[in-house]
There are 2 protein chains.
Amino acid sequence: MRPAINRTEAKNPDGAEPRDQRDTKERILDAGEALFMEHGFEATSLRQITAAAGVNLAAVNYHFGSKEELFQAVLTRRLDPMNGERVRLLEQYERDMGERTLSCERILNAMFIPALRLARDNQRGGKNFLRLLGRAYADPAPFIRHFLSEQYAPMIGRFKTAFSRALPHLPKKELVWRLHFLMGAMSYTLAGTDALKLIAELNPSESGNDELLLQRLAPFLVAGLQAPLPDLAEPKAEIERARA
Amino acid sequence: MRPAINRTEAKNPDGAEPRDQRDTKERILDAGEALFMEHGFEATSLRQITAAAGVNLAAVNYHFGSKEELFQAVLTRRLDPMNGERVRLLEQYERDMGERTLSCERILNAMFIPALRLARDNQRGGKNFLRLLGRAYADPAPFIRHFLSEQYAPMIGRFKTAFSRALPHLPKKELVWRLHFLMGAMSYTLAGTDALKLIAELNPSESGNDELLLQRLAPFLVAGLQAPLPDLAEPKAEIERARA
DNA sequence: GAGTGTTTCAAACGTATGTTTGAATCATAT
DNA sequence: ATATGATTCAAACATACGTTTGAAACACTC
């Protein structure tokens with residue numbers, strides 16, 4: 001018989017986790033993380049996942065309810081703690097600074113450092129997960145977009161006000177756009193080592209080094225955030241002129 | 001009977017295009033562009049496409065050979081001319097400048113202006129296509145990545161040397177990374193108006209204005225390209241310190 | 001207007017998908 | 001031991017997919 005689909009609480013009376021359930025669920029999450037990362041959500045089948053995890057096909061629906069819920073569980077498992085850590089770190093920085101305003105560099109650090117810690121935690125699939133996350137950001141599936149925006153909203157809101165304080169001259173609307181660009185560069189960067197070959201072949205010894213990668217990304221983004229305001233007047237003249 | 005799959009050349013002796021074929025192929029391309037844009041490659045079925053186009057299911061395989069080849073045709077139709085225009089514009093700028101070096105702004109303009117022209121050409125699905133393109137960049141399907149990298153390689157190479165001349169102090173390797181970040185911010189920006197809601201609700205009257213969007217993106221990217229070099233020494237100390 | 005090659009069409013093919021089922025197995029508490 | 005509930009398993013379910021087929025419809029030349 002199957003228990004209620006949505007509830008994962010089915011412990012024994014003594015409070016100890018049933019060992020095999022934990023193993024099965026975690027094996028599924030690990031296999032799902034790797035395969036979703038490699039092929040995306042739609043192109044990954046439950047049969048691939050259960051085969052890679054060494055469990056029965058029906059185990060996914062038994063433990064998670066559906067393929068979509070499995071995908072969300074794969075994301076939540078790492079995203080939840082990481083975003084919590086980001087907010088915690090940001091608030092600690094703010095406490096340390098007292099009344100003085102926080103610099104953009106430090107705010108960005110509060111976003112990057114938890115991601116770096118995750119990337120470094122290889123025994124728990126860190127690097128794979130960051131690639132998966134970057135891809136999920138670009139996935140058109142509505143349930144993924146809903147899930148991510150709900151998962152991210154509190155953190156993004158918190159950082160938006162922090163950046164807004166660090167860049168007082170920047171209009172709110174402009175800041176929103178620039179945060180959007182920032183998330184784009186970050187997601188895209190995390191998503192693909194492959195995509196990088198689009199631009200140039202890279203020394204494979206340096207590839208896979210996500211830490212250097214984020215350290216190169218940070219100054220790029222800080223400079224972008226602090227860029228002068230765009231001149232929004234009369235773009236069409238330039239465009240038409242170039243046609244000649 | 002079906003003709004050779006790969007060849008699209010099946011004209012009549014007098015050289016005039018058979019009217020119905022052009023209509024069918026183009027209706028399929030239009031419907032595919034819209035649906036691929038909305039749901040991605042894997043999640044869009046040929047039955048959806050042919051139904052939206054008002055043509056028979058078999059028409060896709062007859063005219064394009066396979067779903068993958070249809071997708072490539074959808075991309076090629078607009079990407080090919082756009083990238084050609086980009087290179088042409090860049091070379092014109094270089095000719096105009098003579099010996100003087102081109103500024104980053106103008107090089108970026110050579111990338112943006114053709115994209116803006118496409119976005120503005122709404123009767124030919126311009127804006128939809130840019131979103132589709134942004135999503136294709138993040139798609140993990142191998143055939144998409146191969147196709148895009150082949151399609152983009154010449155253009156990217158051309159712009160890389162242009163930027164390299166405009167930013168002589170920047171090491172080659174650093175430039176490659178920054179171009180990667182640039183492509184990321186650009187793709188992500190073009191891909192989703194939806195994704196923007198992740199950060200904040202936007203005035204719907206301004207949403208959909210891709211021109212303002214790219215004009216806001218340009219200064220952000222120029223500043224990022226010109227950012228000071230990252231300090232790659234001793235990141236771990238900072239990361240560990242923040243843990244306390 | 002017969003002949004030729006192209007394009008459309010309804011139908012089917014083979015395969016793969018996510019999900020469900022009901023019996024079997026396992027762990028534990030009484 | 002036995003009863004109870006959680007978990008596994010092989011099998012099947014219903015449906016959707018991309019692709020193929022062979023005949024009908026069409027356009028055009030001679």
Side-chain angles (χ1 to χ4, degrees), chain A residues 1-28 31-32 35-36 39-74 141 143, chain B residues 1-28 31-32 35-36 39-74 141 143:
Chain A
M1 282 298 148
R2 222 173 80 236
I5 298 180
N6 284 332
R7 286 321 313 136
T8 170
E9 311 303 345
K11 2 178 171 187
N12 295 335
D14 64 356
E17 290 286 325
R19 206 182 54 78
D20 263 23
Q21 169 181 345
R22 230 194 55 117
D23 282 356
T24 297
K25 284 184 76 167
E26 220 156 79
R27 277 212 302 271
I28 292 175
L35 287 168
F36 283 140
H39 307 114
F41 174 74
E42 290 281 351
T44 303
S45 74
L46 292 185
R47 283 169 177 83
Q48 290 172 35
I49 294 175
T50 52
V55 305
N56 188 273
L57 168 62
V60 168
N61 292 281
Y62 175 77
H63 284 288
F64 298 93
S66 69
K67 186 187 179 186
E68 293 195 358
E69 287 170 282
L70 167 63
F71 189 76
Q72 293 179 10
V74 166
F143 89 94
Chain B
M1 281 297 151
R2 225 174 75 236
I5 296 180
N6 285 333
R7 286 322 311 135
T8 171
E9 309 304 345
K11 4 179 173 185
N12 294 335
D14 64 356
E17 292 284 325
R19 205 181 56 80
D20 264 23
Q21 170 180 345
R22 229 194 57 118
D23 281 355
T24 297
K25 285 184 78 167
E26 219 156 82
R27 276 212 302 271
I28 293 175
L35 288 168
F36 283 141
H39 307 115
F41 174 75
E42 291 280 351
T44 302
S45 73
L46 292 185
R47 283 170 176 83
Q48 289 173 35
I49 294 175
T50 52
V55 304
N56 188 272
L57 168 62
V60 168
N61 291 281
Y62 175 78
H63 284 288
F64 298 94
S66 69
K67 187 188 179 186
E68 294 196 357
E69 287 169 282
L70 166 62
F71 188 76
Q72 293 179 10
V74 166
F143 89 93

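Lettering follows sequence order; numbering is per chain, from 1.
Between B:His63 and C:dT8 there is a side-chain N or O to OP1 or OP2 distance below 4.0 Å.
Counting heavy atoms from C-beta outward, B:Val60 and B:Lys67 have side chains that stay 4.5 Å or more apart.
Summarising the geometry, the separation between CZ on B:Phe64 and C1' on D:dT19 is reported as 16 Å, rounded to the nearest angstrom. Here the P atom of nucleotide C:dG5 and the OH atom of B:Tyr62 are 13 Å apart, to the nearest Å.
Remark: B:Lys25 is not positioned above the aromatic ring of B:Tyr62, lacking an NZ or CZ atom under 6.0 angstrom from the ring centre and at most 45 degrees off the axis.
Going from atom CZ of A:Phe143 over to atom OG of A:Ser66 covers 8.0 Å, rounded to the nearest 0.5 Å.
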Give me, pair by pair, the N or O atoms of the protein and of nucleotides 11-18 of chain C that are less than 3.5 Å apart, along with how far apart they are.
unit_1: C:dT17; atom_1: OP1; unit_2: A:Ser45; atom_2: OG; d: 3.2
unit_1: C:dG18; atom_1: OP1; unit_2: A:Thr44; atom_2: O; d: 3.4
unit_1: C:dG18; atom_1: OP1; unit_2: A:Lys67; atom_2: NZ; d: 2.8
unit_1: C:dG18; atom_1: OP2; unit_2: A:Leu46; atom_2: N; d: 2.8
unit_1: C:dG18; atom_1: N7; unit_2: A:Arg47; atom_2: NH1; d: 2.8
unit_1: C:dG18; atom_1: O6; unit_2: A:Arg47; atom_2: NH2; d: 2.9

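The shortest heavy-atom contact between B:Glu69 and B:Phe64 is CB-O, 3.2 Å.
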Name the atoms and distances for all side-chain donor-acceptor pairs under 3.5 Å in residues 46-59 of chain A, with sequence neighbours left out.
unit_1: A:Thr50; atom_1: OG1; unit_2: A:Leu46; atom_2: O; d: 2.9
unit_1: A:Thr50; atom_1: OG1; unit_2: A:Arg47; atom_2: O; d: 3.3
unit_1: A:Asn56; atom_1: OD1; unit_2: A:Ala58; atom_2: N; d: 2.8

